[in-house]
Amino acid sequence: MARRTGMTQEARFEQVGRRFAAARRADAGSDAGIHPGTPHGAPAHSVEELVRSQVPVAAALSAAAASPAGRCR
């Protein structure tokens, strides 16, 4: 999809960083395990990518655990 839209990985990181700065909230996730392109363990990469997007480490970790869990209640 990135090739079709012309979105680069760096541009995506910038976009995510701007969105976090505006909303001060993030959720991390993936479709891990549904096909070979997204193996189990991929959520850790989501947290890493949030940090690369200038999301603070504590917020990125919360985005992978506490934030989504709280919204499932």
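- Under a hydrophobic clustering in which Ile, Leu, Val, Met, Phe, Trp and Tyr are joined whenever their side-chain heavy atoms come within less than 4.5 Å, directly or via other members, Val57 and Leu50 fall into different clusters.
- Looking at heavy atoms from C-beta onward, Arg12 lies in side-chain contact with Val16 at the 4.5 angstrom threshold.
- Using a 4.5 Å heavy-atom cutoff, the side chains of Glu14 and Gln54 are not in contact.
- Residues Phe20 and Ala59 share a closest heavy-atom pair of CZ-CB, 3.8 Å.
- Closest of all the heavy-atom pairs between Val55 and Ala60 is CG1-N, 3.8 Å.
- Not one N or O on the side chain of Ser62 forms a donor-acceptor pair closer than 3.5 Å with the backbone of Ala58.
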